[in-house]
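Everything on this sheet refers to the single structure shown next.
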Amino acid sequence: MEIDKRAYKSIKEKFSKIIYKKAIVNKKDLPNKEEIITLTYKNKFVAKALYNPKSAIIRILTTENEDIDYDFFYKRIKKAKIYREDILNYKNTYRWIYAEADIAGIIFDKYNDIGVMQLTSKLIEREYLKDIIDIFFNLSDLKTIYVKRGKKGERIKHKVFGNREKFETIIYEGEAKFIVNAKGHKTGFFLDQRENRLLLERFIKEGYRVLDICCYTGGFSVHAALKGAYVVGVDLSKKALEVAEENMEINNIPKDRYEFIEGNAFKVMEELIEDGEKFDVVILDPPAFAQKEEDVKRALKGYSALNYLGMKLAEKLFVTCSCSHHIDRELFKKTVFSSAYRAGKELFIIDYRGQAPDHPVTVGNKHLEYLKCLFAYINKIFN
Ligand SMILES: C[S@@+](CC[C@H](N)C(=O)[O-])C[C@H]1O[C@@H](n2cnc3c(N)ncnc32)[C@H](O)[C@@H]1O
């Protein structure tokens with residue numbers, strides 16, 4: 001399938017792992033079902049790629065002229081493991097496969113002996129899943145692999161391989177322990193925030209009051225509580241909060257040192273402001289407000305409002321995150337700053353971070369970069 005010069009250059013010179021459908025010279029050549037297609041430029045091999053007629057994006061599988069077979073997946077999965085274990089020094093728990101950075105169409109998290117895979121390609125599921133599962137078992141101590149497929153809104157079919165009884169495990173993040181259930185949100189736990197949660201501990205002092213907005217199963221909350229803070233966690237999901245309580249318990253945090261509120265972050269924060277509550281630290285880690293490009297304007301309004309409310313409640317440290325990849329780092333920072341001005345807070349930037357390195361952003365693939373996490377100190381409060 002011939003591609004245009006621009007796409008050729010972006011694959012060859014910028015190591016881009018995606019191209020757009022519009023780069024195909026003769027659109028009528030495109031198959032009407034999901035297929036692995038060979039991309040050429042001036043009739044010479046360029047890459048093999050995953051093509052899905054429902055998507056505007058074509059995802060590169062390889063730029064080598066190789067077969068897509070057991071060996072291909074074996075080499076990739078092994079290489080990905082070496083990066084996580086030998087370079088990053090992660091032991092039992094890490095994101096093993098991060099889509100195009102490792103293998104297009106697959107996301108795979110390992111939590112001790114439980115693996116959770118998210119598949120976005122029916123073709124991979126149909127043609128290669130058995131091989132891939134076999135490779136994961138062969139290369140690790142995994143006992144169970146839980147496979148989820150489909151995007152939001154689609155009917156999701158799950159498959160289980162290996163031990164069908166065990167879906168839960170306890171992982172360590174520094175001193176903190178967390179229960180991870182393979183059946184939870186996405187792949188069960190937000191490993192992308194691991195380094196940011198660990199950094200939080202550095203700034204927490206005994207007796208601090210910490211507000212953890214969109215706390216899920218208490219990721220930031222547990223770290224703060226372990227450092228002696230009193231924590232208030234807020235989330236919409238009752239199920240997630242039940243696990244958050246359990247996480248506090250397995251970390252031996254006394255019951256009078258935390259409170260979880262089930263509710264809408266915006267509403268809860270408005271009420272806290274009305275009640276005159278203040279927190280030494282406020283953490284905001286909402287879901288992606290912009291799922292697609294068209295959502296950006298609306299999403300920015302959401303971030304702006306959320307950050308304004310959070311900023312009003314914060315007195316010392318403000319940690320604010322966005323996992324919308326359609327909103328880039330500069331734009332998010334600008335939005336946070338304008339909320340700070342409106343709330344009358346002068347900020348010092350302590351650090352502006354991203355996702356954990358087992359979610360690698362490969363050069364030339366900005367689309368793999370999504371998480372932003374800004375740590376700021378509130379230097380001055382203007383009324
Ligand atoms: C990215 S996750 C947070 C991850 C968490 N900070 C951690 O470290 O594990 C986003 C969370 O926001 C929650 N959520 C989504 N919309 C919300 C809302 N309007 N108010 C409160 N929580 C919300 C979801 O239930 C989910 O648990």
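Counting convention: from 1, in listed order, for ligands and their atoms alike.
For ligand 1, the atoms closer than 4.0 angstrom to any heavy atom of Gly263 are 20 (N), 21 (C). In the vicinity of Arg197, heavy-atom distances shorter than 4.0 Å reach the ligand 1 atoms 7 (C), 8 (O), 9 (O). Near Tyr216, with a cut-off below 4.0 Å to any heavy atom, the atoms of ligand 1 are 3 (C), 4 (C), 5 (C), 9 (O), 27 (O). Distances below 4.0 Å separate heavy atoms of Gly219 from the following atoms of ligand 1: 8 (O).
Distances between N or O atoms of Val234 and those of ligand 1 include no value under 3.5 Å. Considering both main-chain and side-chain atoms, Ser237 never comes within under 3.5 Å of ligand 1 through any nitrogen or oxygen pair.
A side chain to side chain contact (heavy atoms under 4.5 Å, CB included) with Ile283 is found for exactly one of Leu211, Leu200, Thr320, namely Leu200.
Contact annotation: the side chain of Leu123 approaches that of Arg126 to within less than 4.5 Å [non-hydrogen atoms, C-beta and beyond].
The six-membered or imidazole ring of Phe178 lies near that of Phe189, with a centre-to-centre distance under 6.0 Å. For Phe260 and Tyr258, the distance between ring centers is under 6.0 angstrom.
Among protein heavy atoms, atom 19 (N) of ligand 1 sits closest to Asn264 OD1, 3.6 Å. Looking from atom 10 (C) of ligand 1 to the surrounding protein, the closest heavy atom is Asp285 O, 3.4 Å. Of the protein's heavy atoms, Ala265 N, 2.8 Å lies nearest to atom 20 (N) of ligand 1. Counting protein heavy atoms only, atom 3 (C) of ligand 1 is closest to Cys214 O, 3.1 Å.
Among all heavy-atom pairs drawn from Arg197 and Gly219, the shortest one is CD-C, 3.4 Å.
Compare Leu236, Asp235, Thr217 by their heavy atoms: the one nearest to atom 25 (O) of ligand 1 is in Asp235.
Cation-pi geometry between Arg329 and Tyr352 is satisfied (NZ or CZ under 6.0 Å from the ring centre, within 45° of the ring normal).
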Q: Decide yes or no on salt bridge (charged side-chain N to carboxylate O under 4.0 Å, His left out) for Glu330 and Lys334, but give the supporting numbers first.
A: CA-CA 6 Å; Glu330 253 337 280; Lys334 258 194 195 161; over 6 Å; no
Q.
salt bridge (charged side-chain N to carboxylate O under 4.0 Å, His left out) for Asp141 and Lys110? Distances and angles first, verdict last.
A. CA-CA 10 Å; Asp141 58 352; Lys110 180 180 185 296; 3.0 Å; yes
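By the criterion of a heavy-atom distance under 4.0 Å, the side chain of Phe190, and not its backbone, is placed next to ligand 1. Looking at Cys215 against ligand 1, only its backbone comes within 4.0 Å, counting heavy atoms.
Under a 4.0 angstrom heavy-atom cut-off, Cys323 registers as lying outside contact with ligand 1.
More than 12 heavy atoms of other residues, nucleotides or ligands sit less than 6.0 Å from atom CZ of Phe137.
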